[in-house]
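The sequence lines fix the lettering, A, B, ..., with proteins before strands; numbering per chain opens at 1.
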Amino acid sequence: MSLLEVKDLKVRVDEREILHGLSLSVNPGEVHAIMGPNGSGKSTLSHVIAGKPGYEVTGGQILFRGEDLLEMDPNERAAKGVFLAFQYPVEIPGVTTWNFLHAALNAQRKARGEDEISSPAFLKKVREVAKSLNIPQDMLKRGVNVGFSGGEKKRNEILQMALFEPAVCILDEMDSGLDIDALRIAADGVNALRSPDRAMVVITHYQRLLNYIVPDVVHVMSKGRVVKSGGKELALELEESGYAQFEDAA
Amino acid sequence: MNVVVAKTGTGRALGDAFAVARDRLPGKGAISDLRRQAFEAYERMGLPHRRIEDWKYTDLRALMREVLPLAPQPDATALDRAAGTAKAQAIEGVRRLVLVDGVFAPDLSDLAGLQKGLTIRPLRDVLEAGDALSGQAFTADSSNPMIALNAALATDGVVIEVANGTVLTQPLQIVHIASAAAPGAIVTRSLLRLGRDAVATLVESYLAADGATAYQAHDALVVAIGDDARLDHVRLVEDATGAFNISSATVSLGAHAHFNTFGMTTGAHVSRYQLTVAFAGEGSKVETNGVNLINGKQHADTTLLLDHAVPHCDSREIFRAVVDDRAHSVFQGRIIVRPHAQKTDAKMMTRALLLSDEAEADNKPELEIFADDVTCGHGATTGALDENLLFYMRARGLPEKEAQALLIQAFVGEAIETIASDTLREVAIAAARRWLEARA
């Protein structure tokens with residue numbers, strides 16, 4: 001059974017259909033890249049998988065370990081092991097990163113019927129992860145993402161990914177707004193989390209990111225469908241010839 | 001002058017109640033005259049209603065309908081119940097002064113071992129002794145019907161004096177407890193005088209014993225802060241859900257004085273707090289901050305008047321309202337800068353968070369500036385919780401109510417943070433948490 005299975009997914013926003021029957025199958029240990037031009041529906045897919053309100057699913061299914069993901073609240077999906085790294089992580093003034101992560105981790109554990117993690121154990125865990133991602137301690141004491149640079153925000157997303165240990169990570173345009181050094185740090189963080197049990201779906205506009213996070217499978221999206229799938233060489237091909245050929249195909 | 005007064009039925013009933021109550025009301029001679037005049041002033045105006053600008057959003061004629069007769073003197077059972085409430089909601093490390101149903105309760109109060117320079121007496125004793133402070137306790141604005149009513153009917157209260165140069169090592173807490181099962185009016189009035197260079201912290205708590213519901217609390221606090229003195233003041237309205245709390249504080253500051261006040265309303269069906277601050281000396285600083293956390297059909301009104309009568313004074317207001325269900329929050333803040341009050345620096349920011357479609361928040365900041373060299377500003381916003389923040393938090397595993405609770409805590413936190421005392425800040429945070437937990 002696939003870890004994540006998207007079957008013939010049709011999604012509308014404000015009466016307009018964005019995804020017209022999208023299918024995708026992701027196995028544990030695999031890294032999939034989804035590429036496509038602006039407006040092809042990449043972010044819509046990531047939002048629908050995570051459960052963002054405002055999208056109307058009019059057809060198809062999303063199964064996670066065989067369970068119907070669309071029946072679950074966003075927080076239930078997170079507790080099951082679905083993680084979305086946001087393209088634009090939000091700022092939450094007045095809620096320290098520290099408190100937020102502790103509350104979120106415990107909410108997930110509670111939902112899974114596990115014991116809550118104590119403050120000292122949590123502290124130790126966060127410190128280790130933060131250190132490996134080059135995140136200074138004082139950032140954890142500040143409001144979530146408040147005053148963080150673009151690179152810091154993305155590193156904070158990866159910190160959370162490392163902390164929550166999800167089974168599927170959706171990375172939505174992780175490279176947007178990052179310079180090459182920030183990109184490298186973020187990609188190293190992601191690569192460190194690759195494991196035989198975990199799958200990743202890397203959504204990106206540019207091939208550049210895939211030099212750092214090398215995918216097993218590349219899908220090309222256009223106009224709300226996957227129009228071509230292949231190996232990592234497909235990304236290079238796209239870099240050369242652009243998306244235009246696929247827009248015609250769609 | 002002949003004034004024709006259209007008396008309502010309830011007005012007459014209250015007049016009779018006043019006549020009956022007079023024997024119970026302490027103070028002879030001048031005080032007795034003052035009470036009669038205050039009652040007449042109230043009778044002329046009656047319960048305020050929406051056609052009076054100041055009461056536009058809090059129409060007591062519609063909300064309260066009538067002023068109830070005074071609650072009976074608490075008996076032994078009532079005092080017992082109040083003792084239980086006082087104990088259950090005790091704040092550690094403070095000196096408690098307890099009023100039960102409008103009567104000072106020495107047995108429930110901590111009066112032993114007063115620090116040198118600190119004097120505490122029941123208002124009743126001060127009035128009956130005809131003490132010089134009597135008049136000061138009754139300094140009040142007779143143009144405000146509810147403050148006039150309070151002057152007419154106040155049964156007791158606490159008179160606190162802090163001598164020049166005395167720095168209190170322990171916060172004082174005036175605890176108002178309603179114990180009566182039968183609805184009645186609880187009318188209290190307290191006076192706090194801080195001498196020159198004195199420093200004090202005062203907490204006021206409004207609580208209800210189990211079973212006390214539809215009572216009406218009418219409290220008035222009169223405060224005089226001397227030159228170079230500092231008062232920290234925290235006010236917590238945790239009245240019963242069916243209760244009314246119509247109260248006022250009248251504060252005057254000397255020169256280079258500092259007044260930091262924080263008010264939090266989570267209780268009472270209808271509450272109104274009228275705070276008037278008068279700057280009488282130059283170089284003083286006032287911070288008036290507050291939080292409303294209300295739901296159901298609660299109505300909570302905070303009305304401020306900051307009177308910058310002298311130059312070189314600063315005032316700051318941070319007010320946050322969280323309004324759920326069909327509750328109604330009102331914030332009115334008026335800053336007056338008199339013609340010669342140059343170099344005034346006054347800023348007011350009020351924000352309301354509406355958690356339901358039927359919740360209502362009215363913010364009315366007003367600046368009346370008659371001086372030309374001042375820095376003044378105000379702002380008001382009303383909105384809902386940010387859906388994008390909520391989704392982000394839920395995508396990290398937080399259930400919706402928990403995510404909302406974190407955002408609400410952060411929202412009110414900006415005001416709560418201004419409380420200087422660590423202990424009292426924690427008390428306010430705990431009260432906010434209780435409210436949020438009850439909501440979840």
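With a 4.5 Å cut-off on non-hydrogen atoms, A/Ala50 touches chain B through its backbone and its side chain both. For A/Phe164, the part lying near chain B is the side chain, with the backbone staying farther off; criterion is any non-hydrogen pair under 4.5 Å. Neither the backbone nor the side chain of A/Tyr88 comes within contact range of chain B; no heavy atoms are under 4.5 Å apart. Neither the backbone nor the side chain of A/Glu76 comes within contact range of chain B, judged by heavy atoms closer than 4.5 Å.
The pair A/Arg12-A/Glu56 does not meet the salt-bridge criterion, since no charged nitrogen lies less than 4.0 angstrom from a carboxylate oxygen.
The candidate with the highest count of non-hydrogen atom pairs below 4.5 Å against chain B, out of A/Glu91, A/Gln160, A/Arg77, is A/Gln160. The most heavy-atom pairs under 4.5 Å with chain A, out of B/Glu417, B/Gln409, B/Met393, come from B/Met393.
Side-chain atoms of B/Gln298 come within 3.5 Å of backbone N or O of B/Gly267 as a donor-acceptor pair.
Summarising the geometry, atom NZ belonging to A/Lys7 is positioned 12.0 Å from atom CG belonging to A/Leu9; distances are rounded to the nearest 0.5 Å.
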- salt bridge (Lys or Arg N to Asp or Glu O under 4.0 Å) between B/Asp314 and B/Lys347, intermediate numbers included: CA-CA 8 Å; B/Asp314 294 355; B/Lys347 287 188 189 70; over 6 Å; no

- Item | Stepwise salt bridge (Lys or Arg N to Asp or Glu O under 4.0 Å) check, A/Glu157 with B/Arg396 | CA-CA 10 Å; A/Glu157 294 292 285; B/Arg396 294 298 176 257; 2.6 Å; yes

